Amino acid sequence: MQITVTVNGTTYTSDVEPRRLLVDYIRNDLGLTGTHIGCDTTSCGACTLIMDGKPVKSCTILAVQADGSEIRTVEGLKRDGQLHPIQKAFKEHHGLQCGFCTPGMMMVGSALIEQNPRPSEEEVRWAISGNICRCTGYQNIVAAIQAAGRELAERG
Amino acid sequence: MTTTVHPKTSPEVGGIGHAVRRKEDDRFIQGAGRYLDDIVLPGMLHMAIVRSPIAHGRIRSIDTSAAEQTEGVVAVITGQMLAEHNLAWMPTLSGDTQAVLATDKVRYQGQEVAAVVATDPYIARDAASLVFVDYEELPAITSPQQALEPGAPVIRDDKEGKTDNVAYIWEAGDKEATDAAFAKADVVVTLDTHYPRSHPSPLETCGALADVNPATGEATIYLTSQAPHAHRTLFALVAGLPEENIRIVSPDIGGGFGNKVPIYPGYVVATVASLLLGKPVKWVETRTENLISTGFARDYHMHGELALTSDGRILAMRASILSDQGAFYADAQPSRFRAGLFHICTGSYDFGAAHVTAKGAYTNKAPGGVAYRCSFRVTEASYLIERLVDNAAWKLGMDPAEFRMKNFIRPEQFPYRSPTGFVYDSGDYHTALREAMKLVDYEGWRRKQAEGHPEGKLYGVGIASFTEVVGAGNSKEYDIAGIKMFDSAELRIHPTGKAILKLGVRTQGQGHETTFAQIVAEELGIPYTDVKVQEGDTDNTPYGLGTYASRSTPVGGAATAVVARRIREKAKKIAAHLLEASEDDLEWEPGRFFVRGTDKGVTIQEVAFAAYTNPPEGLEAGLEDVCYYDPPNMTYPFGSYIVVVEVDPGDGTWKVVDMAAVDDCGVRINPMIVEGQIMGGLTEGFAKANMQWITFDEQGNCIGSNFLDYLVPTAWETPRFKLGATVTPSPHHPLGAKGVGESATVGSPAAYVNAVLDALRRAGHPVENIDMPVLPHRVWGAIQGVAVKP
């Protein structure tokens with residue numbers, strides 16, 4: 001089936017098998033390997049990307065379902081050579097160790113703070129409760145997302 | 001003991017003690033890490049594994065024809081084909097054998113039976129489902145107790161003359177002295193507990209991409225490996241490939257936690273497939289494959305006893321272990337120690353005698369026994385003693401903190417020889433516990449507990465004061481599959497004063513690219529940002545045993561310090577030449593030699609340039625060296641964790657309302673990274689205490705084969721942690737550092753469990769034990785005094 005999707009500002013038209021998962025399309029067909037696969041059951045969130053403004057788990061969406069949509073992946077966080085506040089905050093607050101969950105965490109986190117730049121700790125924990133990190137214990141991830149929100153808010 | 005270490009270098013240089021931000025983060029935050037599944041090679045094929053759906057059965061036949069006829073399938077590989085190359089079986093890290101692809105029997109659900117190689121991963125999986133295997137099902141053995149019953153079916157009938165299911169028998173300590181001490185005891189406290197089967201489940205599963213050059217036979221094998229050098233040697237020994245033709249590349253690793261220490265059948269089959277087909281072959285596990293077939297952890301059935309005086313002194317300890325090894329004995333551990341370092345189970349306490357016996361049984365479960373964020377069974381050991389000590393205090397009517405203080409090894413007793421033969425290098429256990437009590441406000445919580453919870457819930461306070469043993473070797477006592485447990489560092493200072501440090505260890509998120517650069521910065525004054533750290537490629541790094549059991553800083557870190565000091569010695573000669581002074585007149589300050597009493601000096605960068613452009617006569621050009629460090633002893637990190645919980649007696653649920661963790665890992669190279677390691681470990685400790693386990697039904701079906709059934713904590717469940725530190729340097733480590741990556745996983749589970757039990761006991765429920773995970777129905781059953789299903 002032919003699909004047209006816009007990923008990080010570039011529009012792609014591709015022929016895909018109806019059963020092809022969006023995550024495989026993004027990783028293997030478009031070569032955007034920053035989006036990861038950690039489970040097959042929508043549990044871990046490593047494959048999270050932003051589709052039409054909402055964070056979604058791309059391992060449980062078919063590529064054909066993304067037809068006509070606008071997608072943002074971790075590779076699209078940086079704009080005009082400037083890191084997104086969430087990228088800077090994850091480094092500053094030691095919000096990552098092995099880095100495998102990090103793109104998914106940052107995509108969820110960025111979606112949250114773009115709606116609500118001053119989330120409470122509870123709100124952050126709830127927002128990322130669909131994302132698993134096996135290294136950090138989450139405390140620094142929460143701090144990073146809150147700090148990024150503050151930066152975003154101060155920028156206005 | 002101190003609580004702070006003041007850095008000697010400037011923040012720009014970033015030596016020891018600076019919480020500099022991690023260099024590796026720049027690629028990870030931009031999605032530019034390169035993990036195994038991100039690597040694509042021209043002409044690459046994809047492999048899927050056909051696995052046994054049953055736990056125990058004889059293979060009658062395998063029909064591969066439908067799979068072979070599928071368009072896009074290039075090959076179907078069976079055990080029979082491997083047997084022709086003598087590769088159907090491989091050695092495990094514990095000196096046992098393991099089937100690569102089953103030829104005779106399957107021995108656990110999920111065991112590898114065949115592999116399909118295709119042009120596309122979807123096709124490979126489709127075709128794998130078309131391989132038809134006819135099994136004669138045999139009764140499954142799902143517990144070690146069942147395995148040791150007389151007449152139990154022999155799982156390992158592949159082993160000649162094997163008539164039972166015993167995997168190993170081992171003991172440590174002094175039985176006679178222990179028996180004598182027990183004979184004098186006023187009180188004996190016993191505990192039977194099962195440390196349940198768990199799985200490290202790093203977020204990135206295991207995988208391999210094998211690329212064997214059809215013309216030269218050179219094999220480049222990309223591997224999710226915590227120990228690439230050891231794996232290269234094992235590949236050479238197992239597959240009979242010449243070692244110079246094998247290059248293992250361990251790319252960015254998405255977490256390991258011990259899961260990526262063993263060699264798995266998939267690695268071997270992918271390599272054989274590439275060898276046979278002349279094309280690169282990639283194999284990446286699904287999450288289910290990871291959980292049902294690769295290295296599990298724990299699964300120790302433990303019996304412990306403490307001999308006590310009535311006034312609260314420990315006299316001796318007995319422990320006996322029955323371990324569930326699964327179908328192949330594959331613990332990743334030093335070969336002399338059949339139950340790993342479990343005999344550290346005397347913990348932080350000073351008493352005269354201990355005796356430990358251990359027996360392992362084969363069962364129809366996946367093999368493994370890996371050290372999941374743990375140094376070779378130290379987690380089980382720490383759990384047993386910390387639970388026993390808590391029960392002892394309870395039985396004697398003493399406060400658990402007071403009981404611990406009374407029995408701790410005292411600071412002046414170090415180095416301390418434990419009753420099972422370890423020599424603890426340094427410690428100050430009393431201070432660590434006092435600091436933790438202050439941090440959590442122990443007395444305050446005890447008061448609140450006595451006053452009662454405003455909503456009728458039950459407060460409980462639990463302590464664990466662990467001692468770990470990490471950083472293997474020395475090489476005399478410790479080896480893995482015969483390879484001695486040293487580790488290495490090669491440091492090259494370039495002419496412009498920048499450096500590359502090549503290590504035998506392999507980071508999986510621990511921050512080596514920053515921490516090890518900081519060691520060079522400390523020793524040579526070269527800014528950590530100017531030091532590139534390279535690991536994981538066996539062609540480009542010196543030989544080492546890898547990263548697990550918290551050994552990178554104790555061994556690889558020591559090697560880095562030593563090699564940097566050797567380079568400083570050579571640099572001094574060059575500096576003397578440049579300054580036209582005698583070496584004896586030179587002094588060192590971070591980054592610079594100067595002539596004593598003058599302002600005449602040269603920087604390390606100027607020296608580096610001269611090493612290549614203007615070396616003194618009689619001195620070899622260049623500024624590089626390599627060190628293979630053989631540690632004189634292990635390091636013994638320790639700490640005290642205190643957990644406060646709130647138990648709802650109505651439904652048995654509990655949550656952590658406060659937690660303080662005071663760790664002493666000696667000198668902290670990067671305090672931020674150390675704290676990150678501790679918070680991660682505290683979370684994994686909580687996971688095991690609260691929710692995370694793998695069980696099997698009576699047919700041997702794995703329950704917990706995905707993240708819907710195998711519960712790992714998210715941010716929502718995970719407690720908040722307060723961290724504290726004491727610093728008691730290791731006397732034998734060149735930097736005074738100890739390992740830290742696993743302390744919190746090792747130490748914390750008992751603190752959570754002790755807290756829940758404390759809540760129940762202080763509310764008048766005399767509960768001896770609740771096994772982990774401390775699930776609500778178990779707590780409720782304990783309160784009600786009724787038996788509940790496990």
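These numbers come from the heavy atoms of this one structure, side chains and all, not from hydrogens, waters or symmetry mates. Numbers restart at 1 for each chain; the letters A, B, ... are given by sequence-line order, proteins then strands. The model shown is predicted, which means the values in this text are computed figures rather than measured ones.
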What part of [X] gets within 4.5 angstrom of chain B, counting heavy atoms only: side chain, backbone, both, or neither?
| X | answer |
| --- | --- |
| A:T136 | backbone |
| A:L83 | side chain |
| A:N28 | neither |

Whether the side chain of [X] engages the backbone of [Y] through a donor-acceptor N/O pair (distance < 3.5 Å, no angle test) should be reported.
| X | Y | answer |
| --- | --- | --- |
| B:K282 | B:I39 | yes |
| A:Q139 | B:F721 | yes |
| B:T553 | B:G739 | no |
| A:R134 | B:G256 | no |
| B:S293 | B:N290 | no |
| A:E70 | A:V5 | no |
| A:T48 | A:V108 | no |
| B:E204 | A:G38 | no |
| B:R287 | A:C39 | no |

Among [options], who wins on heavy-atom pairs under 4.5 Å with chain B?
| options | value |
| --- | --- |
| A:M105, A:H36, A:E17, A:H93 | A:H36 |
| A:G99, A:C133, A:G34, A:A46 | A:G99 |
| A:L96, A:T73, A:I37, A:V142 | A:L96 |
| A:T41, A:V124, A:L32 | A:T41 |
| A:D40, A:I86, A:I141 | A:D40 |
| A:K88, A:K78, A:E121, A:H84 | A:E121 |

inquiry  = Please verify the inter-ring angle class for B:Y35 with A:F100; under 30° counts as parallel, over 60° as perpendicular, anything in between as tilted.
reply    =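 The rings of B:Y35 and A:F100 stand perpendicular, inter-plane angle above 60°.
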
ask   = Where on B:L708 is there a heavy atom nearer than 4.5 Å to chain A: the side chain, the backbone, both, or neither?
value =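 Backbone plus side chain of B:L708, per the 4.5 Å heavy-atom cut-off to chain A.
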
ask   = What part of B:P121 gets closer than 4.5 Å to chain A, counting heavy atoms only: side chain, backbone, both or neither?
value =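 Contact with chain A involves no heavy atom of B:P121 at all.
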
Within 45° cone of B:Y752 ring axis and under 6.0 Å: B:K688 NZ or CZ =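 Ring-cation test returns no.
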
Any idea which of [options] has the most non-hydrogen atom pairs under 4.5 angstrom with chain A?
| options | result |
| --- | --- |
| B:G33, B:P202, B:A19, B:S201 | B:S201 |
| B:L291, B:T683, B:N706 | B:T683 |
| B:V40, B:D126, B:I678 | B:D126 |
| B:M679, B:R720, B:E717 | B:R720 |
| B:W716, B:F257, B:F28, B:F707 | B:W716 |
| B:Q508, B:R34, B:M672, B:E285 | B:M672 |

query = Do any of residues 509-518 of chain B come closer than 4.5 Å to chain A, heavy atom to heavy atom, and if so which ones, in number order?
reply =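 Hits under 4.5 Å: B:G509.
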
request  = Just jot down the side chain to side chain donor-acceptor pair (under 3.5 Å) partners of B:E71, sequence neighbours excluded, or say none.
outcome  =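 With neighbours one apart ignored, the set is empty.
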
inquiry  = Could you walk me through whether B:S198 and B:Q692 satisfy the side-chain hydrogen bond (donor to acceptor under 3.5 Å, both in side chains) test, starting with their C-alpha distance in whole Å, then the side-chain angles of each, then the deciding distance to 0.1 Å, before giving a yes or no?
reply    = CA-CA 7 Å; B:S198 193; B:Q692 188 180 293; 3.3 Å; yes

NZ/NE/NH1/NH2 to OD/OE distance under 4.0 Å, B:R373 and B:E742 =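 Here B:R373 does not pair with B:E742 in a salt bridge, since their nearest N and O are not under 4.0 Å apart.
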
